[in-house]
Visitor: 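I have a structure I would like to understand better, so I am pasting it below and will then ask my questions one at a time.
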Amino acid sequence: MCEYCGCQSLTAIDELTREHDEVVRLIGHLRSARQEGVTPRMAEVAREIARVLGPHTEVEEQGLFPALAGDFPEQIAALADEHRRIEAVLAEAAEGTPTDPAWPDRLLAAMAVLRDHILKEQDGVFPAALAHLGTEEWEAVEATRARAGSPLVRPAA
Ligand SMILES: [Fe+2]
């Protein structure tokens, strides 16, 4: 990874984008499970989404967001707040199928927030990061990724 050509930043953003794609794909499974009325399947998919989002959110919040919070304090605070709201609904399925009959609807509402959130990140945060972050900040993002791990299988180089 070199510091001059931008490959470091592009790799980091590419990985975050692929995680978003995977989450959007999983949200699709959630919709079909909801239509079929299979709450245990929804809980299973919720756990899968949480597994992808865990390291992803860590990289965003500990790597990317601190580097942008100075210039965009309100936007970054709002995005972090949405992370907490989304995590809370997903976490209800962590140990099994939630018994609250309102959970499937609350989950789908949270997933609508998540889809919108993903668009805000891809149209706002990621381009801003590519424009504003310097080498040291990308190194911090990379170090956070190394700590957090990657929930997706990396494509063969
Ligand atoms: Fe994200």
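Each ligand, and each atom within it, is numbered from 1 in the order the structure gives.
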Visitor: So that I can check it, does any N, O or S atom in H117 come closer than 2.8 Å to the Fe ion (ligand 1)?
Guide: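 Here the distance criterion (N, O or S atom, under 2.8 Å) is not met by H117, so no.
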Visitor: Within rounding of 10°, what is the angle whose vertex is the Fe ion (ligand 1) and whose arms end at OE2 of E60 and NE2 of H56?
Guide: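 Here the angle at the metal atom is close to 80°, to 10°.
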Visitor: Nearest to the Fe ion (ligand 1), which N, O or S atom of H20 do we find?
Guide: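 Nearest to the Fe ion (ligand 1) within H20's N, O and S set: NE2.
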Visitor: Would a single hydrophobic cluster contain both L133 and L79, if residues Ile, Leu, Val, Met, Phe, Trp and Tyr are joined by side-chain heavy-atom contacts under 4.5 Å?
Guide: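 Linked, L79 and L133 end up in one cluster.
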Visitor: Should D21 and R25 count as an ion pair when the cut-off is N to O under 4.0 Å?
Guide: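 No, no charged N to carboxylate O under 4.0 Å.
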Visitor: Given the rule in the side chain to side chain contact (heavy atoms under 4.5 Å, CB included) test, do V59 and L64 qualify, once you have shown the distances and angles that lead to the verdict?
Guide: CA-CA 7 Å; V59 172; L64 223 48; 5.9 Å; no
Visitor: Look at E121 and state whether any of its N, O or S atoms is less than 2.8 Å from the Fe ion (ligand 1).
Guide: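 Of the N, O and S atoms in E121, at least one lies under 2.8 Å from the Fe ion (ligand 1), which means yes.
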Visitor: Under a 4.0 Å threshold between the charged nitrogen and the carboxylate oxygen, would R145 count as salt-bridged to E142?
Guide: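 No salt bridge links E142 with R145.
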